[in-house]
Novice: 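The structure follows.
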Amino acid sequence: MSPEGHILAAEQSPIQDFADTIDEQFGTITEFFVNLIFGTSVQVPLGDPFPEDTMLWDGSLVVLWAIVAAIGFTIYFKGVQFTGFHVSLETVRGKWSSKDDPGEVTHFQALTAAVSGTVGLGNIAGVAAAVSLGGPGATFWMILAGLLGMCTKFVECTLGVRYRTIDENGIVHGGPFKYLPVAFQRLGRVPVAIITGIFAISIMLFGIIGGGMFQANNAFAGIRDALGTVTNSEDTILHGDAGALIFGIIFAGLVGLVIIGGIKSIARVTATLVPAMAIVYVLACLLVIFANFGNIGAAFAAIISGAFSPEGVAGGMIGVIIIGVQRAAFSNEAGIGSAPIAHSAVKTRRPVSEGFVAALEPFIDTVVVCTMTALVIIFAWYPDQATWDGAVEANAEDPIGLTFGAFDTFFNNFSVLLAIAVFLFAFSTLITWSYYGLQAWRYLFGTNQATDTIFRLIVLIMIVIGCLVSFANIIDFADSALFLCIFINVIGLVILAPVVKKEMHQYLNDRKAGRLLEDPAYIPGPEDMKVVVDESKVAPKR
């Protein structure tokens, strides 16, 4: 080490040493997990008349599986996310709903809750990460993944309602832990327990890392950058060694007041402010887009050309596709299995009705809002390659800075308001994912006060650590957990897809005949394949 290096090492604070150690150890764990999940690669050659080494696909198996499944669902259901778009709008308006339908929330409430939960950091930091790694072309593949993901979400949310249970208190319990055992039941009890257990671990890890550390890391980066903008200095308390630790402890304390202390008033305030901030964010995007309307053609030209002829991007075109698909999945959560947990609470007697409603979510989140964010970033940073490269390099550690800086070029100090929105988005998402993660934890360890508290403490500790470790390690680990969820969940969706198709046909036929307000005939599924058949069986209450 040089003399200068010894001086720098001597001046480094104990807190910074601690942060560096944590980041190094977490990086080692992340590298192992990433290799475990994404390490299996698949090569699909194009064949004649293309050159021998020309590949249709040369990348991770789990990402390929997510893409193939989404395309397969779209074909199998004959593009229902497009042909049934008007049905989705009709259903979400409550045209075919009754106040006596079983469940807890209306179709509109279920959709708004889900959208307010997904429109957030995935649209702000996730898009910034996509374009910083894959260039403007990653936006094209995000949009395509969002369109295909609409059908995946249609399938999983239909199953979430079909296999839900409603307890004596009227509380709904639904999601993958209800339909995956049905999908894999032919394998026997032990394989079902193993598969569902692995899924529970993966969704719990994603809840802790993607729903906890990722949110905390970006909330800290946003508040730190906003403070720097207000003070016109990069020497604030949050830029110092102790800043991340202090912020992490305070943020974890606020989350702890809700998930451990049960102070629901904080959560209610957040639930009110988050939709408002989402609306402000969308309006700001629209203002920038309309102000730069003359440049939209050039922006989309950059997106399309970058999608099919990327330059300087690791992995070339396949690399850009993978980046776009990963960021789309992170943003809209299609195929993960989290959405069916939330959507299963809807008031309906027809499971596929919520499938139609849920299909709107990836469209709003990814196709609309993510594209808006990408356009704002491109308008600000893509007048020439040198400006783009400089902006990407300057925000390499915290890609969210690309979005913050882009808005500041159009609205002076808008990043301050954006930082508040990011904080609220992060807080709301953390509470939601702590609930999702807790369901997985309870599946593994049972339900009791002591074990629930242990899980919540783990979440709070990881929030603090999330402010100390690098963004790259967090997002790599979160992606690995996310695609492990998708890999297992989508296998179950494929197995149960015929049931969903029957539900869809029944719904569309009854809609045409004007019978949607009547009780539907029961559609048998794999769960009905028993040795002894009771002919007096009554259709289970949905």
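Reckoned from all heavy atoms, side chains included, excluding hydrogens, waters and symmetry mates. Starting from 1, each residue takes its place in the sequence as its number. Everything quoted here is computed from the prediction, not taken from an experiment.
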Novice: Roughly how far, to the nearest 0.5 Å, is the CD atom of Glu527 from the CG atom of Leu496?
Specialist: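 Rounded to the nearest 0.5 Å, the CG-CD separation comes to 8.0 Å.
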Novice: Can you list every ring-ring contact (aromatic ring centres under 6.0 Å, His included) pair that touches residues 129-177, not counting sequence neighbours?
Specialist: Phe77-Phe154, Phe140-Phe308, Trp141-Phe308, Phe154-Phe356, Phe177-Phe199, Phe177-Tyr443
Novice: Is there side-chain contact between Leu484 and Phe206, with at least one heavy-atom pair below 4.5 Å?
Specialist: no
Novice: Go through Gln81 and Leu147 one step at a time and tell me if the side-chain contact (heavy atoms from CB on, under 4.5 Å) criterion holds.
Specialist: CA-CA 8 Å; Gln81 69 267 48; Leu147 291 171; 5.6 Å; no
Novice: Do Met204 and Phe455 come within less than 4.5 Å of each other through their side chains, counting heavy atoms only?
Specialist: yes
Novice: Got a salt bridge between Asp100 and Lys347, using NZ or NE/NH1/NH2 to carboxylate O under 4.0 Å?
Specialist: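 The answer is no: the pair does not qualify as a salt bridge.
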Novice: Going by the rule side chain to side chain donor-acceptor pair (under 3.5 Å), which residues pair with Trp96 if we only count those two or more places apart in sequence or in a different chain?
Specialist: Glu90
Novice: Within a strict 4.5 Å, meaning less than it, do heavy atoms of the Ile475 and Arg327 side chains meet?
Specialist: yes
Novice: Would Gln506 and Arg350 satisfy side-chain contact (heavy atoms from CB on, under 4.5 Å), going step by step from the backbone distance to the final call?
Specialist: CA-CA 9 Å; Gln506 182 193 66; Arg350 296 174 179 268; 4.0 Å; yes
Novice: Between Phe300 and Ile378, does the side-chain contact (heavy atoms from CB on, under 4.5 Å) criterion hold? Intermediate values first, please.
Specialist: CA-CA 9 Å; Phe300 275 106; Ile378 292 168; over 6 Å; no
Novice: Could you please spell out the steps behind the side-chain contact (heavy atoms from CB on, under 4.5 Å) verdict for Val357 and Val346?
Specialist: CA-CA 10 Å; Val357 171; Val346 72; over 6 Å; no
Novice: For residues 61-72, run the donor-acceptor check on the side chains, cut-off 3.5 Å, and write out each pair with its distance to 0.1 Å, sequence neighbours left out.
Specialist:
unit_1 : atom_1 : unit_2 : atom_2 : d
Trp65  : NE1    : Phe487 : O      : 3.3

Novice: Tell me, do Pro136 and Ile304 make a side-chain contact under 4.5 Å, heavy atoms counted?
Specialist: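 No. Closest side-chain heavy atoms not under 4.5 Å.
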Novice: Not counting sequence neighbours, which residues clear ring pair (Phe, Tyr, Trp, His ring centres under 6.0 Å) with Phe214? List them please.
Specialist: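 Partners of Phe214 by the ring pair (Phe, Tyr, Trp, His ring centres under 6.0 Å) criterion, ordered by chain and then number, come out as Phe330, Phe471.
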Novice: Between the main-chain N or O of Val87 and the side-chain N or O of Thr91, is there a donor-acceptor pair closer than 3.5 Å?
Specialist: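 Confirmed, Thr91 side chain pairs with Val87 backbone.
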Novice: Side-chain contact, heavy-atom cut-off 4.5 Å: Thr158 with Pro351?
Specialist: yes
Novice: When you measure from the side chain of Asn332 to the backbone of Ala328, do you find a donor-acceptor pair of N or O atoms at a distance under 3.5 Å?
Specialist: yes
Novice: Nearest heavy-atom pair of Ala419 and Gly222: which atoms, and what distance?
Specialist: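 Heavy-atom minimum between the residues: CB-O, 3.3 Å.
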Novice: Pairs of donor and acceptor atoms involving the side chains of residues 179-187, under 3.5 Å and at least two apart or interchain, shall be tabulated with distances.
Specialist:
unit_1 : atom_1 : unit_2 : atom_2 : d
Tyr179 : OH     : Asn489 : OD1    : 2.7
Gln185 : NE2    : Pro526 : O      : 2.5

Novice: Can we say Arg164 and Glu354 salt-bridge, meaning some charged N sits less than 4.0 Å from an Asp/Glu carboxylate O?
Specialist: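 Salt bridge: no.
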Novice: Could you check whether any side-chain heavy atom of Arg162 comes within less than 4.5 Å of a side-chain heavy atom of Ile523, counting everything from C-beta outward?
Specialist: yes
Novice: Excluding sequence neighbours, so at least two apart, what forms side chain to side chain donor-acceptor pair (under 3.5 Å) with Thr106?
Specialist: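 Once residues adjacent in sequence are excluded, the partners of Thr106 under the side chain to side chain donor-acceptor pair (under 3.5 Å) criterion are Gln109.
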Novice: Roughly how far, to the nearest 0.5 Å, is the OG1 atom of Thr366 from the CD atom of Glu333?
Specialist: 10.0 Å
Novice: Does Asp519 have any salt bridge (charged side-chain N to carboxylate O under 4.0 Å, His left out) partners at least two apart in sequence or in another chain, and if so, which?
Specialist: Arg349
Novice: For a quick check under 3.5 Å, do Ser331 and Asp365 share a side-chain donor-acceptor pair by atom type?
Specialist: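 There is such a pair (donor and acceptor under 3.5 Å, judged by atom type) between the side chains of Ser331 and Asp365.
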Novice: Residues in salt bridge (charged side-chain N to carboxylate O under 4.0 Å, His left out) with Asp476, at least two apart?
Specialist: none
Novice: So does Ile37 get a backbone contact from the side chain of Ser480, meaning a donor-acceptor N/O pair under 3.5 Å?
Specialist: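 No, the answer is negative, given that no donor and acceptor are paired below the 3.5 Å cut-off.
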Novice: Run the side chain to side chain donor-acceptor pair (under 3.5 Å) test against Trp441 and tell me which residues pass, sequence neighbours left out.
Specialist: none
Novice: Taking only residues at least two apart or on different chains, which pairs with a member in residues 126-138 satisfy salt bridge (Lys or Arg N to Asp or Glu O under 4.0 Å)?
Specialist: none
Novice: Ignoring hydrogens and geometry, is there a side-chain-to-backbone donor-acceptor pair from Ser305 to Ala302 under 3.5 Å?
Specialist: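 At least one qualifying donor-acceptor pair exists.
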Novice: Mind checking what makes side chain to side chain donor-acceptor pair (under 3.5 Å) contact with His505, not counting sequence neighbours?
Specialist: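 If we apply the side chain to side chain donor-acceptor pair (under 3.5 Å) test to His505, skipping adjacent residues, there are no hits.
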Novice: For residues Thr196 and Val192, report the shortest heavy-atom separation together with the two atoms involved.
Specialist: OG1-O, 2.7 Å
Novice: What's the separation between atom CD1 in Ile289 and atom CE in Met372, rounded to the nearest 0.5 Å?
Specialist: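 Rounded to the nearest 0.5 Å, the CD1-CE separation comes out at 5.0 Å.
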Novice: Enter the distance from Ile336:CD1 to Cys485:SG here, rounded to the nearest 0.5 Å.
Specialist: 6.5 Å
Novice: Taking Ala426's backbone N and O only, do any of them form a donor-acceptor pair with Thr429's side chain (distance below 3.5 Å, no angle check)?
Specialist: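 No; judged by distance alone, with no hydrogens or angles, the pair does not exist.
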Novice: Answer yes or no: is there a side-chain heavy-atom contact under 4.5 Å between Leu287 and Phe410?
Specialist: no
Novice: So, does Lys502 use its side chain to make a donor-acceptor pair with the main chain of Gly525 at under 3.5 Å?
Specialist: no
Novice: Going by the rule ring pair (Phe, Tyr, Trp, His ring centres under 6.0 Å), which residues pair with Phe414 if we only count those two or more places apart in sequence or in a different chain?
Specialist: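 For Phe414, the residues satisfying ring pair (Phe, Tyr, Trp, His ring centres under 6.0 Å) (neighbours in sequence not counted) are Phe407, Phe411.
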Novice: Could you grab the distance from atom NE2 of His343 to atom SG of Cys157, nearest 0.5 Å is fine?
Specialist: 4.5 Å
Novice: Centroid separation under 6.0 Å, is that true for the rings of Phe85 and Phe363?
Specialist: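 Yes.
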Novice: May I ask you to test the His107-Leu111 pair for a side-chain heavy-atom distance under 4.5 Å?
Specialist: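 His107 vs Leu111: side chains apart.
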Novice: Quick check for you: to the nearest 0.5 Å, what is the distance between Leu516 atom CG and Leu508 atom CG?
Specialist: 8.5 Å
Novice: Main chain of Val172, side chain of Glu104: is a donor-acceptor contact present, judged purely on distance under 3.5 Å?
Specialist: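 A pair under 3.5 Å: yes.
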